[in-house]
Chemist: 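Quick one: the structure is below, and I'll ask about it shortly.
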There are 2 protein chains.
Amino acid sequence: MRQSMQQLADDSARTLADRVFARLQDDIVRGVIAPGSKVSETDLAGRYGVSRGPLREAIRRLESRKLVEREVHVGTRVASLSFTDLIEIYYVREALEGQAARLAAERMSDQQVAGLYQLLAQHEQQQDLREDTAYFQREFDLDFHYRIIQGSHNQTLIRMLIGELYHLVRMYRYQFSTTANRPQKALHEHRRIVEAIESRDAEMAELLMRRHIGRARENIEQQAQQRNPQ
Amino acid sequence: MRQSMQQLADDSARTLADRVFARLQDDIVRGVIAPGSKVSETDLAGRYGVSRGPLREAIRRLESRKLVEREVHVGTRVASLSFTDLIEIYYVREALEGQAARLAAERMSDQQVAGLYQLLAQHEQQQDLREDTAYFQREFDLDFHYRIIQGSHNQTLIRMLIGELYHLVRMYRYQFSTTANRPQKALHEHRRIVEAIESRDAEMAELLMRRHIGRARENIEQQAQQRNPQ
DNA sequence: GGTGCCGCCATTGTCGACAATCCGCATTGA
DNA sequence: TCAATGCGGATTGTCGACAATGGCGGCACC
């Protein structure tokens, strides 16, 4: 499962810059390096045992993914997502993953669809077995969405969602240790999406996916409002 | 107009890498550097009068925007878009710009909407005045879409479309010197989209924008089929 | 006591040189 | 004649040093 979920910090990466990038990204997304903290080139170069060259390249790549923010001649710091940023991302996800679901309904193989059902079953089982299922829910949720995105067979779409956007979503979840607080509902929505895909109803798959993500967004907005009542 | 359309090669950019990046991107998008041709670091460094450091950084940024393709220890070459790539991009545009139109209908100021009508009028006038309107049509088309995207007021959405995707679309248009071959229809579709935005009908604005881009895609697919009949 | 200026220090930006890797070509052997 | 292999040139990857810029603290002046 993990293998399918992200490009791992592969030590067999071809260049130092690749390795440093993978490691740095992981450290940032998982919160090992605190959001908002400074990222000194000299410092990190020493810590990772490379010169500043490859490290700069890694930082630039992270910058283009919006995982760090750079200010010329001043420095780089780990991005800290605001609620506004997260809401914006969810609007983009709604559009892109809706399209992904539509394409997946048209293009996924029967085998892949069967795999989705298996995943749903695992998810339900996990929910029965454990009390604190927050972590597993997160992972299952990600895996579910990843699979449908891949099912679109649209490389550009896949790159934009998995290659760019999802790192931010993951970082956010680590930052706020978000617990999925509507697990049964989400699971039910997942099932309906898979059913639409199975029956090759592209229109319906898109609609359901957009609703699914739209509700997640509304959920976040409500939480924000409760914490920060005007 | 041009000012609003892209981040120009601003000589007041803070660093050498910034300047080189802007220049290189422009040269690549406009086809000054032929698609598929090799991009030697040493060569370009000499040509632009900088060392390889800043130039490498510029190339890396272009890589993350898919304007060049890099192969480790081998070199970088200017990306040459295949039809498949372009079709994929249009599916993504359909989703993202549909969402942009929806948000624009909700969030654009009345002033901005008035600006859209002015643009439409200019477009129509231009079409009457000139025979060969291909170039102007292209520019107007881009400007129209740019404005609606900006009207979404969603920075993430704007970045993904204007900051990443549109450079590829522009490069493609230069590559194949695409002539918009359905100008009247496109113009009419534009007008209906603006009307939907003006009446704050978000649902309709999204639908019309998706259709508009969907038809452009079908148009490309037909052309490809005619040139390459199986 | 507060405010503005000046100089030092830390950090990033830039550079040129060296090392590692890959591609093409020629040579050699079957 | 063809295929495999080893060499040479060219290109990219990495490094350490130097230059340029921005922030911060101290000092003087109001």
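Below, chains carry the letters A, B, ... as their sequence lines are ordered, and counting in each starts from 1.
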Chemist: Please state how far atom CZ in A:R56 lies from atom C1' in C:dT11, giving the value in whole angstrom units.
Modeler: 11 Å
Chemist: Can you tell which of C:dG13, D:dG13, D:dT11 lies closest to the side chain of A:R60?
Modeler: C:dG13
Chemist: Enter the distance from B:E88:CD to A:R159:CZ here, rounded to the nearest 0.5 Å.
Modeler: 9.5 Å
Chemist: Does C:dT12 have OP1 or OP2 under 4.0 Å away from a side-chain N or O of A:R77?
Modeler: no
Chemist: Quick one: pull up CZ in A:R47 and OG in A:S40 and give me the separation to the nearest 0.5 Å.
Modeler: 9.0 Å
Chemist: Hey, does B:T42 reach any base, or is it just sugar-phosphate, or nothing, if we go heavy atoms under 4.0 Å?
Modeler: base
Chemist: Do B:D141 and B:H123 have side-chain N/O donor and acceptor atoms under 3.5 Å apart?
Modeler: no
Chemist: One pair to check against side chain to side chain donor-acceptor pair (under 3.5 Å): B:R65 and B:H167. What are the steps and the verdict?
Modeler: CA-CA 8 Å; B:R65 294 190 175 180; B:H167 299 296; 3.2 Å; yes
Chemist: Would you kindly give the NZ-to-C1' distance between B:K38 and D:dA10, to the nearest whole Å?
Modeler: 8 Å
Chemist: With a 4.0 Å cutoff (strictly under), does any side-chain N or O of A:S40 reach OP1 or OP2 of C:dT12?
Modeler: yes
Chemist: Atom pairs, N/O to N/O, protein against nucleotides 17-19 of chain D, distance under 3.5 Å?
Modeler:
none

Chemist: Any base atoms under 4.0 Å from B:V39, or only sugar-phosphate, or nothing? Heavy atoms, all strands.
Modeler: sugar-phosphate
Chemist: Rounded to whole Å, please give me the gap between CD in B:E71 and P in D:dG13.
Modeler: 11 Å
Chemist: Distances for protein N/O vs nucleotides 20-22 of chain D N/O pairs under 3.5 angstrom?
Modeler:
{"unit_1": "D:dG22", "atom_1": "OP1", "unit_2": "B:R14", "atom_2": "NH2", "d": "2.5"}

Chemist: Within this structure, what is the CD1-CD distance for the pair B:I148 and B:E97, rounded to the nearest 0.5 Å?
Modeler: 8.0 Å
Chemist: The side chain of B:E41 lies closest to which of these nucleotides: D:dG13, D:dT11, D:dT14?
Modeler: D:dG13
Chemist: Given atom CG of A:D43 and atom C1' of C:dT11, what is their separation to the nearest angstrom?
Modeler: 11 Å
Chemist: Where does the angle between the aromatic ring planes of B:H190 and B:H212 fall among parallel (under 30°), tilted (30 to 60°) and perpendicular (over 60°)?
Modeler: perpendicular
Chemist: Whole Å only: how far is the CD atom of A:E57 from the C1' atom of C:dT14?
Modeler: 16 Å
Chemist: Does the pair A:R70/B:E57 count as a salt bridge with the N-to-O cut at 4.0 Å?
Modeler: yes
Chemist: For A:T156, run the side-chain contact (heavy atoms from CB on, under 4.5 Å) check against B:I87, B:L165, B:L168 and tell me which one passes.
Modeler: B:L165
Chemist: Can you tell me the distance, in whole Å, between the CG atom of A:L44 and the P atom of C:dT11?
Modeler: 12 Å
Chemist: Whether A:E206 and B:R210 form a salt bridge (side-chain N of Lys/Arg under 4.0 Å from carboxylate O of Asp/Glu) is what I want to check.
Modeler: yes
Chemist: To the nearest Å, give me how far apart CG (A:D18) and P (D:dG13) are.
Modeler: 9 Å
Chemist: Could you check whether B:G75 gets within reach of a base, just the sugar-phosphate, or nothing at all, counting any heavy atom under 4.0 Å?
Modeler: sugar-phosphate
Chemist: With a cut-off of under 6.0 Å to the ring centre and 45° to the axis, is A:R107 in cation-pi contact with B:Y91?
Modeler: yes
Chemist: Specify the separation, in whole Å, of atom CZ of B:R61 and atom C1' of C:dG13.
Modeler: 12 Å
